[in-house]
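Please read the structure below before turning to the comments.
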Amino acid sequence: MSTNTVRVRFAPSPTGHLHIGGVRTALFNWLFARRHKGVFILRIEDTDTSRSTEESIHGIIEGMKWLGLDWNEGPFRQTERLDQYRAHVERLLAQGGAYHCYCSAEELEARRAEALAKKQTPKYDGRCRTRKEPLPGRATAVRLKAPQTGQTVVHDIIRGDVVFENSQLDDLILLRSDGTPTYNLCVVVDDAEMRISHVIRGDDHLNNTPRQLHLYDAFGYEPPQFAHVSMILGPDKARLSKRHGATSALVYREMGYLPEALLNYLARLGWSSGDQEIFSLQEMIDKFSLEQINPSAAVFNPDKLLWLNSHYMKEAAPERLAHLLRDHYLAEREPAARSMPIEQAVKIVTALRERTKTMAEMADFSMCYVEEEINPEPAAAAKFLTPAVKPALADLAQRLAELPVFDEPSQHVAFEAVMAAHQLKMAQLAQPVRVALTGRTVSPGIYDVLQLLGKDRVLSRLKKALDSIGGQTG
RNA sequence: GGUCCCAUCGUCUAGCCCGGCCUAGGACGUCGCCCUCUCAAGGCGAAAACACGGGUUCGAAUCCCGUUGGGACCA
């Protein structure tokens with residue numbers, strides 16, 4: 001295989017749901033891989049067994065599949081590669097590139113607290129670095145013998161060169177005293193062995209990068225290129241988290257967002273291509289470049305995501321939305337909806353997608369076309385189903401019942417006749433009819449409503465409404 | 001506290017690298033008008049930003065320095 005092949009990875013820790021910040025990182029990696037006809041790898045960083053769960057792994061994979069972020073290799077799991085990490089450490093130890101450290105976590109913590117108290121930078125003092133004889137009876141961690149002078153420069157594609165003084169970096173722990181490998185070790189071993197060409201990750205890892213570079217050096221590996229993407233912030237400019245609202249990709253699915261809307265939104269958060277706002281997946285792939293990524297952090301804006309979602313709902317094939325609506329969003333509200341003819345679902349989608357911004361909202365507005373009977377909202381009924389309009393409604397019911405063909409032109413004639421006979425304007429007639437038929441004051445055009453319900457339900461709901469109105473009869 | 005990153009409308013951004021075309025463009029949101037059987041959608045229009053201070057230069061949003069503010073990591 002050519003050494004020029006782009007190989008990138010998304011490496012989430014399965015300690016929670018698939019976070020939308022993670023989705024953006026995954027998307028940038030995926031776009032970069034597709035753009036360069038490279039390889040996208042999914043790697044599960046599950047070495048922290050106390051916090052990793054199978055449930056999280058399933059959630060991550062399900063989320064990735066929902067979004068269409070398909071991977072070429074993996075999912076690999078770090079817990080299946082522990083031998084690799086240990087072997088690398090053994091090798092380093094044998095070469096003198098690492099050493100045993102006998103300091104206990106408690107001692108280190110005490111020294112750190114002491115340093116902080118003296119307003120000094122807490123940093124490992126390297127006291128075990130030159131120890132010749134092992135201390136018997138003490139658990140040992142393994143540390144990297146890192147350079148203590150000079151500088152380490154991270155050549156970041158997004159930020160340019162970032163310089164670190166080696167004197168500021170301490171000898172990082174490779175293996176803890178309980179034998180478990182640390183994050184930096186695993187990442188470097190995996191990225192090297194998986195021949196990752198570009199590490200595209202959150203900039204919360206920028207500070208880890210010089211240490212990782214030391215590790216690449218120690219192992220004799222050529223380091224990859226780095227691109228550190230800034231964080232996604234909440235409205236208060238703090239890192240986006242649960243307290244800012246939904247952060248799980250799959251929760252956005254439940255809220256009725258389309259995957260292409262989320263992807264388009266996340267792509268434009270930190271990346272741009274001129275003034276373009278709407279990108280198909282293929283356009284994103286064609287135009288994506290790491291150099292165009294904005295180095296500054298971005299605030300997550302739910303309103304814009306919502307706008308994009310409504311845009312994509314209007315763009316999508318009605319049949320696709322109809323299946324989604326019926327089999328997912330409606331079915332979870334009313335299982336009987338599964339038996340709805342797909343043509344009916346298509347009609348509902350066509351009538352509602354201009355006025356609802358999510359699939360969940362569409363489902364809520366669809367219920368009155370799914371259920372056999374409805375109970376109008378009390379406030380709407382009180383305002384529009386009044387004795388004053390009762391004669392007109394009765395007249396309309398009569399005329400609609402007598403229509404030989406229940407189509408829009410005929411319905412139109414009936415409405416015109418009722419308006420003329422009762423001296424009513426369209427608004428005065430349509431609103432009561434709307435409330436009688438849908439139970440609320442907001443709906444698609446009244447003729448669309450008639451079509452969606454069909455003659456039987458129209459007549460029965462009009463009758464029910466008429467019966468509910470007190471006062472004069474007929 | 002130390003290290004590192006960042007800084008254009010409320011928000012996402014174009015412009016910045018290669019100073020003049022910038023009386024700073026687009027988008028979301030907001031407001032107004034039009035359309036209208038409701039709500040939307042759609043159309044038209046408006047308000048709204050170069051964090052601050054010094055340089056460099058004929059000229060700086062664009063280059064340099066500092067300040068301030070925010071963020072991340074060490075934890």
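Numbered from 1 within each chain, the chains take letters A, B, ... in sequence-line order.
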Exercise. Could you state the atom-to-atom distance from CZ of A:F164 to C1' of B:rG2 in whole Å?
Key: 13 Å
Atom pairs under 3.5 Å: protein N/O with N/O of nucleotides 12-17 of chain B:
unit_1, atom_1, unit_2, atom_2, d
B:rC12, OP1, A:V299, N, 2.9
B:rC12, O2', A:R268, O, 3.0
B:rC12, O2, A:K304, NZ, 3.4
B:rU13, OP1, A:G270, N, 2.5
B:rU13, O3', A:S272, OG, 3.1
B:rA14, OP1, A:S272, OG, 2.8

Quiz item: Could you give the CZ-to-C1' distance, from A:F226 to B:rC4, as a whole number of Å?
Solution: 15 Å
Quiz item: Base, sugar-phosphate, or nothing for A:V163, non-hydrogen atoms under 4.0 angstrom?
Solution: sugar-phosphate
Quiz prompt | Over all atoms of both residues, closest heavy-atom pair of A:R24 and A:L269 | solution = NH1-O, 2.5 Å
Exercise. Anything under 30° is parallel, anything over 60° is perpendicular, the rest tilted; go ahead and classify A:F300 against A:Y265.
Key: perpendicular
Self-check item: Rounded distance (Å) that lies between atom P of B:rC74 and atom CG of A:N207
Solution: 8 Å
Quiz prompt | A:S56 side chain reached by A:T15 side chain, heavy atoms, under 4.5 Å | solution = no
Quiz item: Roughly, in whole Å, what's the span from CZ in A:R239 to C1' in B:rC5?
Solution: 14 Å
Quiz item: Want to settle it: does A:I158 or A:W307 sit nearer the 5' end of RNA chain B, counting the closest nucleotide to each?
Solution: A:I158
Quiz prompt | Those residues of residues 408-427 of chain A lying under 4.0 Å from RNA chain B by at least one heavy atom | solution = A:M426, A:A427
Practice problem: Please measure how far the C1' atom in B:rC63 lies from the corresponding atom in B:rC18, and state the result in whole Å. | Solution: 11 Å
Practice problem: Pick out which of A:R201, A:H214, A:H155 makes a side-chain hydrogen bond (donor to acceptor under 3.5 Å, both in side chains) with A:T209. | Solution: A:R201
Self-check item: Atom-to-atom span, CD of A:Q431 to P of B:rC37 - whole angstrom
Solution: 11 Å
Exercise. Return the orientation label for the A:F226 and A:H228 ring planes: parallel under 30°, perpendicular over 60°, tilted otherwise.
Key: parallel
Quiz item: What do you reckon, is NZ of A:K464 surrounded by more than 12 foreign heavy atoms closer than 6.0 Å?
Solution: yes
Sort me out a list of protein N/O and nucleotides 39-41 of chain B N/O pairs below 3.5 Å, or just none if empty.
unit_1, atom_1, unit_2, atom_2, d
B:rC39, O2, A:R355, NE, 2.8
B:rC39, N3, A:R355, NE, 3.4
B:rC39, N3, A:R355, NH2, 2.7
B:rC39, N4, A:R355, NH2, 3.4
B:rA40, O2', A:E354, O, 2.5
B:rA41, OP1, A:K357, NZ, 3.3
B:rA41, O4', A:E354, O, 3.2
B:rA41, O3', A:K314, NZ, 3.1
B:rA41, O2', A:E354, OE1, 2.8

Quiz item: Taking atom P in both B:rC6 and B:rG66, what distance in whole Å separates the two?
Solution: 14 Å
Quiz prompt | Nucleotide forming a Watson-Crick or wobble pair with B:rC17, both distances under 3.5 Å | solution = none
Quiz prompt | Salt-bridge criterion met for A:R9 and A:D190 (N-O under 4.0 Å) | solution = no
Exercise. Can you tell me the distance, in whole Å, between the CG atom of A:L233 and the P atom of B:rA7?
Key: 13 Å
Quiz item: With rounding to whole Å, what would you report as the distance between B:rG42 and B:rA47 at their P atoms?
Solution: 22 Å
Self-check item: Heavy-atom closest contact (A:K242 atom, A:T247 atom, distance)
Solution: N-CG2, 4.1 Å
Quiz prompt | B:rU36 - base-pair partner by Watson-Crick or wobble geometry, distances under 3.5 Å | solution = none
Exercise. Please measure how far the C1' atom in B:rU13 lies from the corresponding atom in B:rA49, and state the result in whole Å.
Key: 12 Å
Quiz item: Picking from B:rC37, B:rA72, B:rC5, which would you name as closest to the side chain of A:D204?
Solution: B:rA72
Self-check item: Complement of B:rG2, any strand, by Watson-Crick or G-U distances under 3.5 angstrom
Solution: B:rC73
Quiz item: So, A:W271 versus A:F288, ring centres under 6.0 angstrom or not?
Solution: yes
Quiz item: To the nearest Å, how far apart are A:D203 CG and B:rG70 P?
Solution: 17 Å
Quiz item: Can you check whether A:L352 reaches A:S366 side chain to side chain, under 4.5 Å on heavy atoms?
Solution: yes
Quiz item: Is atom NZ of A:K463 surrounded by more than 12 heavy atoms (other residues, nucleotides or ligands) closer than 6.0 Å?
Solution: no
Exercise. Provide the Watson-Crick or G-U wobble partner of B:rU30, both distances under 3.5 Å; none if there is no partner.
Key: B:rA46
Exercise. Could you measure between the two C1' atoms, the one in B:rC4 and the one in B:rC9, and give it in whole Å?
Key: 29 Å
Quiz item: Paired with B:rU68 by Watson-Crick or G-U wobble geometry, both distances under 3.5 Å: which nucleotide is it?
Solution: B:rA7
Exercise. Please measure how far the P atom in B:rC31 lies from the corresponding atom in B:rU36, and state the result in whole Å.
Key: 23 Å
Quiz item: NA contact type, A:R159, heavy-atom cut-off 4.0 Å: base, sugar-phosphate, or nothing?
Solution: sugar-phosphate
Quiz item: Residues in ring pair (Phe, Tyr, Trp, His ring centres under 6.0 Å) with A:H311, at least two apart?
Solution: none
Exercise. With C1' as the reference atom in both, quote the distance from B:rA61 to B:rA72 in angstrom, rounded to an integer.
Key: 26 Å
Exercise. Would you mind classifying the nucleic acid contact of A:R440 as base, sugar-phosphate or nothing, using non-hydrogen atoms under 4.0 angstrom?
Key: nothing
Taking only N/O atoms, report every protein-nucleotides 19-24 of chain B pair under 3.5 Å with atom names and distance.
none

Quiz prompt | Which residues share a ring pair (Phe, Tyr, Trp, His ring centres under 6.0 Å) with A:H36, sequence neighbours left out | solution = A:F32
Exercise. Using the C1' atom as the reference point in each nucleotide, state the distance between B:rG20 and B:rA60 in Å, no decimals.
Key: 9 Å
Practice problem: Counting Watson-Crick and G-U wobble pairs only, both distances under 3.5 Å, name the nucleotide matched with B:rA60, or none. | Solution: none
